[in-house]
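So the structure is just underneath, and the comments pick up after that.
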2 protein chains.
Amino acid sequence: MTGTTAGRRPRTDAARNRTHILDVAERYFTEHGVTGSLDALAKQAGVGPGTLYRHFPTRDALLAALLAARDEELITRRDAIRTGGTDPAVALDGWLAALGTWATAFDGLPDPLRAAVTEQSSPLALTCQGYVTTTEEFLTAAQDAGRARSDVRGRDLFLAVLAISWVRGAAMADASSPAGLGSLLRTGWSTTA
Amino acid sequence: MTGTTAGRRPRTDAARNRTHILDVAERYFTEHGVTGSLDALAKQAGVGPGTLYRHFPTRDALLAALLAARDEELITRRDAIRTGGTDPAVALDGWLAALGTWATAFDGLPDPLRAAVTEQSSPLALTCQGYVTTTEEFLTAAQDAGRARSDVRGRDLFLAVLAISWVRGAAMADASSPAGLGSLLRTGWSTTA
DNA sequence: GGACAATTCGGAGAACGTCTCCGTATGGTC
DNA sequence: GACCATACGGAGACGTTCTCCGAATTGTCC
């Protein structure tokens, strides 16, 4: 959870600031989207820009820390679906829905997530890679049960969920996409294969 | 083509600048994506920022003017598909592919396009609305022939094409999405409806 | 061809965002 | 209590957006 290299324990004021910045960032990104001004966020947290950037060198690093707090929730959801013993297709569907919720935690989040899929240097890359793998597991199970097409790849499904979340973003006026695009992903627009 | 209200004929230097800016912008956006610096674009075109902003008050206005140049091409494509007398499902598929090519004319283009779908104040809104309508026509034809699911909406298909184009953007490392996501849109991941 | 008025140009500059650097303050330790 | 490493905070360099206005260009009318 804390990071790759343990290092020495940080100073108490540093730890306090880090936690506080995360708290404020959670609210700030919820309200302003992931592209909100970082200096403004720092001011709102009552710290200087330097302090913010020292703890989180990039916007993606800050996002990764925020998403790490949700990892547990999503992992729990994954295990619940796994042990649910439900139809593999229903399980995959449920997992994709959970991913969709995760990817819309903040407005504009799908953009850095997609970028992280192709740039492994991003702080978000590891998280994304993990969920791609989970998606592959659910997909493979569904395929083995003959409930999912064999030419579909897990990575593409993950990207498709991000894409749908991207459409949802920025507050769609009417409630068009939420259900519509979800079922489109499951069944496609065509009647016959 | 020229605009809604005719107004009086612009001065020759104004017309020349406008055309020249469009020429340079076409190259500039191709190279730097739609988020490239507008002041840098103005400098590259050899005009002041004021001149650029007078002709195209917003980035979207500039994009709309650039896309207008491609309207003819896409309309021609639409008519070719229409009169092709092909299977309505193949026709819809062809139209969606054409839309996908259009939406990836420049890197990052899907973002303003999606925004324009929900904000009719955008200069891109009219263009988008027109293509949504065309998509609905092809979709309805396919539905009437029993080749497309009846619960699919044209607007959602249009958004889905934008979403796939969005995934493609920013140069995907491997050739994952292009075909994969396209077929996903047509048939979905599920084997049974 | 010259003068006048409308139009357009160009760039200085205000406003905002990102990110860095370094003098100062704070925390931990002996 | 003193010392050193660590962390803080904000001034400021830099890039981008967009505006405003004095200067220049164009079209027209005599």
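Letters A, B, ... mirror the listed sequences (proteins, then strands); counts begin at 1. Side-chain atoms are counted along with the backbone in the values below, which use heavy atoms only and exclude waters and symmetry mates.
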**Fill in**
The side chain to side chain contact (heavy atoms under 4.5 Å, CB included) partners of A:P123 (sequence neighbours excluded) come to A:T58, A:D60, A:A61, A:A64

Round to a whole Å and report the spacing from [atom1] of [X] to [atom2] of [N].
X     : N      : atom1 : atom2 : value
A:L52 : D:dA11 : CG    : P     : 17 Å
B:L38 : C:dG10 : CG    : C1'   : 16 Å
A:R18 : D:dG9  : CZ    : C1'   : 19 Å
A:I21 : D:dA7  : CD1   : C1'   : 11 Å
A:D60 : C:dC19 : CG    : C1'   : 15 Å
A:K43 : C:dC16 : NZ    : P     : 10 Å

All salt bridge (charged side-chain N to carboxylate O under 4.0 Å, His left out) counterparts of [X], not counting sequence neighbours:
X      : answer
A:D23  : none
B:E137 : B:R82
B:D144 : none

**Message:** Quick check: any donor-acceptor pair below 3.5 Å linking the side-chain of A:D39 to the base of C:dC16?
**Reply:** no

**Request:** Can you check whether any acceptor in the base of C:dC9 is under 3.5 Å from a donor in the side chain of B:N17, or vice versa?
**Result:** no

**Request:** Determine whether the side chains of A:W189 and B:D156 contain a donor N or O and an acceptor N or O closer than 3.5 Å.
**Result:** no

**Request:** Apply side chain to side chain donor-acceptor pair (under 3.5 Å) to B:R70 and list each qualifying residue two or more places apart in sequence or on a separate chain.
**Result:** B:E26

**Prompt:** Going by heavy atoms closer than 4.0 Å, what residues in residues 27-37 of chain A are next to DNA chain C?
**Reply:** A:G36, A:S37

**Prompt:** Which class fits the ring pair A:W102 and A:Y131: parallel under 30°, tilted 30 to 60°, perpendicular over 60°?
**Reply:** perpendicular

**Request:** Would you indicate, yes or no, if D:dT17 has its OP1 or OP2 atom less than 4.0 angstrom from a side-chain nitrogen or oxygen of B:R59?
**Result:** yes

**Message:** Below the 4.0 Å mark, does C:dT8 have OP1 or OP2 next to a side-chain nitrogen or oxygen of B:H55?
**Reply:** no

**Prompt:** What string of B, S and - do you get for nucleotides 20-30 of chain C, 5' to 3', if B is base contact, S is sugar-phosphate-only contact and - is no contact with any protein heavy atom under 4.0 Å?
**Reply:** B-----BSS--

Residues 31-40 of chain B side chain polar contacts: donor-acceptor under 3.5 Å, at least two apart:
unit_1	atom_1	unit_2	atom_2	d
B:H32	ND1	B:Y28	O	3.2
B:S37	OG	B:D39	N	3.4
B:S37	OG	B:A40	N	3.1

**Asked** Can you pull the side-chain hydrogen bond (donor to acceptor under 3.5 Å, both in side chains) pairs that have at least one residue in residues 87-99 of chain A, sequence neighbours excluded?
**Response** A:D87-A:R147, A:D93-A:R186, A:W95-A:T135

